[in-house]
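Worksheet: the structure to be examined is printed underneath.
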Amino acid sequence: MGLLAIAPANSALAQATHQAPSVELAPSNWQAVVSKQGQFTVLAPATPQAETTSTPVTGKTLTWQVAKIRNGQELYAVAYTDLPLAVLAQGREAVLNGLKNRLLANDFDWSAIAARGHRISLGDIPGMEYLSLRNGKVSALRLYLVNLRLYGVFATAASVNPVNHFMDSFQVASIWQPFTSQAGKFTVKFPMAPIATLEVIKTPNHSFSWRKFEARNLYAKEDSYIVAYADLPEKLAKAGTEVALETATKETLTALGLLAMAEQGRAIALKGLPGREFMGTSQAGRSLTMRFYLSGNRLYGVFVGTKSLDTLQEVLNSFQIL
């Protein structure tokens with residue numbers, strides 16, 4: 001099929017990319033469908049057929065990649081599309097209407113489903129579920145937005161069990177994906193591609209030209225993640241590792257208005273490279289953590305502002321200097 005691969009449910013590939021439902025195991029004859037391009041896996045009773053379809057949404061045309069299985073009166077399918085920002089701004093209802101009018105028009109009783117949606121989550125990914133039990137059939141639709149990619153997972157059958165097996169087996173790749181800067185010689189995990197800018201910070205004694213990479217998170221809009229680097233002025237670089245590190249970090253934090261954090265640093269290291277860590281809390285209740293590492297004459301800064309411990313660890317622990 002090109003975009004899709006089939007693996008036995010107990011294969012190494014399936015185990016690496018799929019988390020089994022916690023209540024009941026899927027039937028033994030079901031297989032793991034692995035879509036590398038779609039970045040999802042799901043357990044299914046047969047090999048899906050791949051197709052492409054389009055739906056109009058608020059003046060735009062969305063192109064959907066669909067993996068669909070028809071088994072008599074049963075239907076199992078996963079569809080995904082990448083949303084333009086203009087469509088994303090229209091909200092969930094506009095996208096839902098596009099599904100109703102074209103993609104699922106013949107498979108669901110929309111008059112029963114449309115008013116019954118409720119919020120769900122897939123790990124840290126929020127979603128919506130729509131359920132209908134009518135005319136001896138169970139119909140379910142789940143929508144998940146992963147960055148700008150919208151997934152629709154839907155199933156219709158006479159029994160709850162196969163619908164539940166299919167829906168609960170669906171998994172997507174983590175929103176945290178590696179980002180590598182060849183010029184900056186570092187790698188880190190971000191939930192979205194960062195925006196690169198140049199910021200010059202001047203202190204009474206020095207000037208630091210920081211190359212910044214800032215990423216945001218659609219699921220935690222108040223969060224901020226930044227990796228930046230600057231080459232130390234020659235005079236400061238020659239002052240010795242500890243003096244250069246202490247001076248550069250405290251001067252930078254003070255210039256950023258983070259004087260209280262600057263007084264509470266502690267020594268850290270990254271694979272033998274010396275560093276400093278500073279922590280604090282903003283007035284809005286976000287935890288602020290900034291780590292600095294000195295590699296030769298280059299100073300790296302890793303900043304995370306979040307209310308989530310898991311998010312804090314995801315960014316800080318993934319940062320590596322190449």
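Given the structure is predicted, the values throughout are model-derived calculations rather than measurements. In what follows, every heavy atom counts, from backbone to side chain, and hydrogens, waters and symmetry copies are set aside.
Judged purely by atom type and a 3.5 angstrom limit, R291 has no side-chain atom pairing as donor or acceptor with the backbone of R276. Using a distance-only test at 3.5 Å, with no hydrogens or angles considered, no donor-acceptor pair links the side chain of T254 to the main chain of E251. No donor-acceptor pair under 3.5 Å is formed between the side chain of T247 and the backbone N or O of A244. A donor-acceptor pair under 3.5 Å links the side-chain atoms of S308 to the main chain of T311, judged by distance alone. Remark: side-chain polar atoms of R266 are not paired, donor with acceptor, to backbone N or O of F278 under 3.5 angstrom.
Closest approach of T63 to T81, counting heavy atoms only: O-OG1, 2.8 Å. Taking each heavy atom of Y144 and S121 in turn, the nearest pair found is CE2-C, 4.4 Å. Residues N297 and L294 come closest through the heavy atom pair C-CD1, 4.3 Å. Pairing each heavy atom of I69 with each of P48, the nearest pair is CG1-CA, 3.5 Å. Considering all non-hydrogen atoms of both residues, F292 and W210 come closest at CE2-CH2, 3.9 Å. Taking all atoms of both residues into account, the shortest heavy-atom contact from P45 to W30 is CB-NE1, 3.4 Å.
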Just do the side chain to side chain contact (heavy atoms under 4.5 Å, CB included) check on V153 and F166 with the steps written out, would you? CA-CA 9 Å; V153 186; F166 183 79; 3.8 Å; yes
Between E214 and T197, is a side-chain hydrogen bond (donor to acceptor under 3.5 Å, both in side chains) present by the stated rule, with each step listed? CA-CA 8 Å; E214 182 172 6; T197 58; over 6 Å; no
Would you sort out whether T187 and T180 count as a side-chain hydrogen bond (donor to acceptor under 3.5 Å, both in side chains), showing the intermediate values? CA-CA 4 Å; T187 183; T180 300; 3.3 Å; yes
Quick one: do Y76 and F154 satisfy ring-ring contact (aromatic ring centres under 6.0 Å, His included)? Show the steps, please. CA-CA 6 Å; Y76 307 94; F154 32 96; over 10 Å; no
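Residue L256 places its CG atom among more than 12 non-hydrogen atoms of other residues, nucleotides or ligands, all under 6.0 Å distant.
No single ILVMFWY cluster, assembled from side-chain heavy atoms under 4.5 Å apart, contains both L270 and L245.
Ring geometry, Y225 versus F190: the interplanar angle falls under 30°, so the pair is classed parallel (tilted spans 30 to 60°). Y80 and F40 have perpendicular rings, their planes meeting at more than 60° on a 0 to 90° scale where under 30° would count as parallel. Note on ring orientation: taking the six-membered ring where Trp is involved, the planes of F179 and F186 are tilted (angle from 30° to 60°).
Salt bridge R70/E74: absent, no basic N to carboxylate O contact under 4.0 Å. Between R211 and D231 there is no salt bridge, since none of the side-chain N atoms of the basic residue sits less than 4.0 Å from a carboxylate O of the acidic one.
Taking OG of S169 as the start and CG of N164 as the end, the distance is 9.5 Å to the nearest 0.5 Å.
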